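To start, the structure itself, in structure tokens.
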There are 2 protein chains.
Amino acid sequence: MSETNTRVPLTERDLTDTTEGCPVREVLDRVGDKWSVLIIVMLGQRTHRYGELARAIDGISQRMLTLTLRALVRDGLVERTAHASVPPRVDYTLTELGHTLLEPLTALDHWANEHREDIRAARERHDRAKDQQHG
Amino acid sequence: MSETNTRVPLTERDLTDTTEGCPVREVLDRVGDKWSVLIIVMLGQRTHRYGELARAIDGISQRMLTLTLRALVRDGLVERTAHASVPPRVDYTLTELGHTLLEPLTALDHWANEHREDIRAARERHDRAKDQQHG
DNA sequence: CTGGATCCCGCAAGATACTG
DNA sequence: CAGTATCTTGCGGGATCCAG
């Protein structure tokens, strides 16, 4: 509510006030779960049917697919379109809002691609050091 | 979104292969939890002591602070420096790698700031529609 | 002050079976 | 095909006490 951004990266206040609204935490709560991002990116490529998502996203249960889609629809990131046909057909499409989210998600993806090896290395180094301690 | 992005945003392959390494999922697994981002951002501003973090981050338990810090150190995002003094003093600092992560996180933060109201509105609209259904 | 070790609980989420 | 309903479990994470 005070000066709404311009270039200041992140302020301490913004992030530690858990009751009010910490923006990063807020979006992470929406998207930080196990499946939301997968679905968003799938839909970022094209509209998908329920069953397509179920088959494409390895390991997801019907229950979680439904729940996650519902949450995304509720937040205005995804639009649900039910065709009254038989057999029934339901399409899920990324909204404009959803598409805008794709960009920062992509930034995160690029970071991950660039640094995954660094992390893997750091982890291995760390674990090896620990192993030595224990003899 | 219609501009100089020569990179393909995200590929379906990258995201659906859960066994191998889906980059976004990988970083989300590291950072998508309740506290990691808060800590990273705190440390992004300056080095903090354990107790400082404990007091600054509202609601975190000692246990979770310790566990989260351990994980971040292991991944090479945070560096732990124990001073052999009495009383003991331990400083936590963001590493170079940790700082690079701050950028995509900031992108996410900006998105959140710009669109939190959209989400709130969408949610309210959605909930109101549901209420009407139930009479 | 900086943690480690335990105990414990709630809820996220998987499996399964059923329905319009 | 696109969900819903129910049952069950794992484990994330809080509280508390102990230790160097």
Side-chain angles (χ1 to χ4, degrees), chain A residues 16 18-19 22 25-26 28-39 42-43 46-75 78-93 126 129-130 133-134, chain B residues 16 18-19 22 25 28-39 42-43 47-75 78-93 126 129-130 133-134:
Chain A
T16 51
T18 45
T19 47
C22 154
R25 278 296 308 283
E26 223 166 76
L28 242 36
D29 282 346
R30 295 293 110 197
V31 147
D33 68 277
K34 210 172 176 185
W35 307 110
S36 291
V37 171
L38 294 192
I39 294 177
M42 292 283 300
L43 298 183
R46 62 173 176 84
T47 294
H48 279 77
R49 304 179 53 169
Y50 181 90
E52 287 178 327
L53 293 171
R55 263 174 281 111
I57 301 177
D58 190 51
I60 195 170
S61 61
Q62 282 198 344
R63 175 189 146 85
M64 284 319 293
L65 178 54
T66 300
L67 287 180
T68 306
L69 283 171
R70 259 214 284 251
L72 293 174
V73 168
R74 189 172 104 102
D75 289 349
V78 168
E79 190 184 332
R80 195 191 108 118
T81 311
H83 299 90
S85 60
V86 57
R89 173 203 187 93
V90 179
D91 287 335
Y92 289 94
T93 309
H126 185 267
K130 279 298 170 196
Q133 283 189 3
H134 293 301
Chain B
T16 50
T18 45
T19 47
C22 152
R25 278 297 309 282
L28 242 36
D29 282 347
R30 292 294 110 199
V31 146
D33 67 279
K34 209 172 176 183
W35 307 110
S36 292
V37 170
L38 294 192
I39 294 177
M42 291 283 300
L43 298 184
T47 294
H48 280 78
R49 304 181 50 171
Y50 180 90
E52 286 179 327
L53 292 172
R55 264 175 280 111
I57 300 178
D58 189 52
I60 197 172
S61 63
Q62 283 197 348
R63 174 187 147 86
M64 285 319 293
L65 179 54
T66 300
L67 287 181
T68 307
L69 283 171
R70 260 214 285 249
L72 292 174
V73 168
R74 190 172 103 100
D75 289 349
V78 168
E79 189 184 335
R80 193 190 110 118
T81 311
H83 303 269
S85 59
V86 56
R89 173 203 186 93
V90 180
D91 287 336
Y92 289 94
T93 309
H126 184 268
K130 281 297 171 198
Q133 282 189 3
H134 294 300

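Quantities reported herein were computed from a predicted structural model and do not represent experimental measurements. Computation of the quantities below employed the complete heavy-atom set of this structure, encompassing side-chain atoms and omitting hydrogens, waters and symmetry-equivalent molecules. Lettering of chains follows the sequences in order, A, B, ..., and the numbering in each one begins at 1.
Side-chain contact between Arg70(A) and Leu67(A) is present, with heavy atoms from C-beta onward closer than 4.5 Å. You'll find the side chain of Leu43(B) stays beyond 4.5 Å of the side chain of Leu72(B), heavy atoms only.
Between Gln62(A) and Arg49(B), the residue anchored nearer the 5' end of DNA chain C, judged by the nucleotide with its closest heavy atom, is Arg49(B).
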Would you tabulate the nitrogen or oxygen pairs shorter than 3.5 Å linking the protein to nucleotides 13-15 of chain D?
residue: dG13(D); atom: N7; partner: Arg63(B); partner atom: NH2; Å: 2.6
residue: dG14(D); atom: OP2; partner: Ser61(B); partner atom: OG; Å: 3.0
residue: dG14(D); atom: O6; partner: Arg63(B); partner atom: NE; Å: 3.3

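Running 5' to 3' along DNA chain C, contacts with non-hydrogen atoms of chain A at under 4.0 Å begin and end at dA13(C) to dG20(C).
Partners of Arg30(B) according to the salt bridge (charged side-chain N to carboxylate O under 4.0 Å, His left out) rule, which considers only residues two or more places apart in sequence or in another chain, are Asp75(B). Every side chain to side chain donor-acceptor pair (under 3.5 Å) that Ser36(B) has, sequence neighbours left out, goes to Asp33(B). Under the side chain to side chain contact (heavy atoms under 4.5 Å, CB included) criterion, Val73(B) pairs with His126(A), Val78(B), Arg80(B), Tyr92(B), not counting sequence neighbours. Checked against side chain to side chain contact (heavy atoms under 4.5 Å, CB included), Ser61(A) has the following partners two or more places apart in sequence or in another chain: Arg63(A), Met64(A). For Asp91(B), the side chain to side chain donor-acceptor pair (under 3.5 Å) partners two or more places apart in sequence, or in a different chain, are His83(B), Arg89(B). Listed by chain and number, the residues in a side chain to side chain donor-acceptor pair (under 3.5 Å) with Arg74(A) are Asp127(B) (sequence neighbours excluded). Residues satisfying the side chain to side chain donor-acceptor pair (under 3.5 Å) test with Thr81(B), not counting sequence neighbours, are none. Taking the side chain to side chain contact (heavy atoms under 4.5 Å, CB included) definition, one finds that Ala54(A) meets it with Leu65(A), sequence neighbours left out.
Contacts of Arg70(A) with the nucleic acid, taken as non-hydrogen atoms under 4.0 Å apart, involve only primed sugar atoms and P, OP1 or OP2.
Side-chain nitrogen and oxygen atoms of Tyr50(A) include none within less than 4.0 Å of the OP1 or OP2 phosphate oxygen of dT4(D).
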How would DNA chain C look in dot-bracket form, 5' to 3', counting Watson-Crick and G-U wobble pairs with both distances under 3.5 Å and writing | for bases paired to another strand? ||||||||||||||||||||

